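Each remark here refers to the structure printed beneath this line.
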Amino acid sequence: MAEQGSLVIPQPVAIVVGASSGIGAALARELAVQGWRVILIARRADALQRVAEDITRRVGPDRAFPRPMDARAYDQIPQVYQEVLREHGRLDAVIYSAGVLHPVAPDEYNFAKDREMLEVNLVAAVAWLGQAAALFQQLGQGHIVGISSVAGDRGRVANPAYHASKAGLTTYLESLRNRLSRRGVHVLTVKPGFVRTPMLEQAQPKRVFWVISPEQAARDIVNAMRKGKQVIYTPARWRWLMLLIQHIPSVLFRRLSF
Ligand SMILES: NC(=O)c1ccc[n+]([C@@H]2O[C@H](COP(=O)([O-])OP(=O)(O)OC[C@H]3O[C@@H](n4cnc5c(N)ncnc54)[C@H](OP(=O)(O)O)[C@@H]3O)[C@@H](O)[C@H]2O)c1
């Protein structure tokens, strides 16, 4: 396992996986504005470069570092952590925002789509965040942040594998928190509602409401990191709606078509 290097950099350093678009890109910008260095991970090198250039324009050079790769390149993940520690001397947060939502018809069961959603949304999250857990428990500090979803709170008819991937991520993060809070490590679970990003446009759900910008979601997430919160909904009012939805008995929930 890699260790913090001896080089001392004043700014805290975060890895953001899924930083080329939407919530991850907005989070990288917000962290940079608040004084962090950000390592930007996603597949599209050109999109990562644009996010990095935007950060440089806003806060100056040496704050954003694109590292194009597929989040599922599991063998490369330990190497990325080692590179970050070698080149920046520290690592303070790992944020997993990468995600895929393939639209599926109500009678469709497509393993290729389901597999990609489970791999990107859950298996790769475990690969990245497990590595962070091993490092941060040694250090006795650090933030682990996972972008889950309200979609993980109940198994709706809409998209079984997407709901399962988010339920799995929510439970994984809870387990990490229960292991690591006693070791000084902060674990934050984020459950966005509807956020105006390419994913929402592509999914085209029938009914959207309380839609927020990725910038608002990013501000909520960075505030929650600062305050050491455990689970947040963004916007916050989703907590009450999901509490209600979680308590609908299965026999009634089955008859709902959303
Ligand atoms: N938008 C919403 O309403 C909403 C609501 C609840 C939860 N969420 C969750 O929020 C997270 C961010 O979603 P978003 O709305 O910001 O979507 P988005 O704009 O489509 O961004 C998705 C990000 O995931 C990255 N990604 C996808 N597959 C990847 C892979 N194999 N390897 C590396 N990176 C990959 C994409 O980068 P590349 O394509 O460049 O690889 C992109 O940066 C997701 O986990 C999503 O499930 C979104």
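Remember, it's a predicted structure, so these values are computed and weren't measured experimentally. Just so you know, ligand 1 is whichever comes first in the structure, and atom 1 is the first atom listed for that ligand.
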Atom 42 (C) of ligand 1 has as its nearest protein heavy atom S20 OG, 3.5 Å
Is the closest heavy-atom distance from L101 to ligand 1 below 4.0 Å? no
Nearest-neighbour protein heavy atom for atom 26 (N) of ligand 1, which is reported as residue plus atom name and distance: A98 CB, 3.9 Å
Does this structure show an ion pair linking R72 with D70, if we count only N-O contacts that are shorter than 4.0 Å? yes
Treating R63 as the side-chain partner and V38 as the backbone partner, does any N or O pair qualify as donor plus acceptor under 3.5 Å? no
Please report which non-hydrogen protein atom sits nearest to atom 31 (N) of ligand 1, along with the residue it belongs to and the distance in Å to one decimal place. D70 OD1, 3.0 Å
for atom 32 (N) of ligand 1, nearest protein heavy atom and its distance come out as A71 N, 2.8 Å
F209-W238 aromatic ring centre distance below 6.0 Å: yes
Would you tell me which option among A218, S149, G193, S148 has the nearest heavy-atom contact to atom 9 (C) of ligand 1? S148
Heavy-atom distance to atom 38 (P) of ligand 1: which of E201, R196, K191, R44 wins? R44
Nearest heavy-atom pair of V126 and Y172: which atoms, and what distance? O-OH, 3.6 Å
Please identify which atoms of ligand 1 are closer than 4.0 Å to at least one heavy atom of F194. 3 (O)
Per-atom filter on ligand 1: closer than 4.0 angstrom to a heavy atom of P198 are 19 (O)
Atom 22 (C) of ligand 1 - nearest protein heavy atom and its distance: G99 O, 3.7 Å
Numbering the atoms of ligand 1 from 1, which are under 4.0 Å from a heavy atom of I147? 9 (C), 10 (O), 11 (C), 45 (O)
Does L200 reach ligand 1 with a nitrogen or oxygen that is under 3.5 Å from one of the ligand's nitrogen or oxygen atoms? no
Could an N or O of ligand 1 be found under 3.5 Å from any N or O of I23, whether backbone or side chain? yes
List every atom of ligand 1 that sits less than 4.0 Å from any heavy atom of G22, numbering the atoms from 1 in the order shown and giving each element. 16 (O), 19 (O)
Between the side chains of D153 and Y233, does any donor sit under 3.5 Å from an acceptor? yes
With distance as the sole test, does K191 use its side chain to make a donor-acceptor pair with the main-chain N or O of A151 at under 3.5 Å? no
Spell out, as yes or no, whether a donor-acceptor pair under 3.5 Å connects the side chain of R37 to the backbone of A32. no
F65 and H88: aromatic ring centres closer than 6.0 Å? yes
Looking at H102 and E116, what are the two nearest heavy atoms and their distance? NE2-OE1, 2.9 Å
Does the residue V120 have a heavy-atom contact with ligand 1, meaning some pair of atoms that are separated by less than 4.0 Å? yes
Considering non-hydrogen atoms of the protein only, which is the closest contact for atom 15 (O) of ligand 1, and what is the distance? T197 OG1, 2.5 Å
N/O to N/O below 3.5 Å, does that happen between Y162 and ligand 1? yes
Check: R226 side chain, V222 main-chain N or O, donor-acceptor pair, under 3.5 Å: no
Check whether S148 reaches the backbone of V190 with its side chain - one donor and one acceptor, N or O, closer than 3.5 Å. no
Looking at atom 11 (C) of ligand 1, what's its closest protein heavy atom, distance included? S97 O, 3.1 Å
Proximal candidate to atom 45 (O) of ligand 1 [heavy atom criterion; set K166, R43, M69]: K166
Among R177, K229, Q230, exactly one meets side-chain hydrogen bond (donor to acceptor under 3.5 Å, both in side chains) together with T189. Which residue is that? R177
If hydrogens are left out, which of S21, A42, G152 has an atom nearest to atom 18 (P) of ligand 1, that is, the closest non-hydrogen atom? S21
Just verifying a value: how many Å separate D54 CG and R58 CZ, rounded to the nearest 0.5 Å? 4.0 Å
Could you check atom 3 (O) of ligand 1 against the protein and tell me its nearest heavy-atom contact, residue, atom and distance included? V195 N, 2.7 Å
My understanding is that we take every heavy atom of each candidate and find the minimum distance to atom 46 (C) of ligand 1. Doing that for Q202, M117, M199, R72, which one comes out nearest? M199
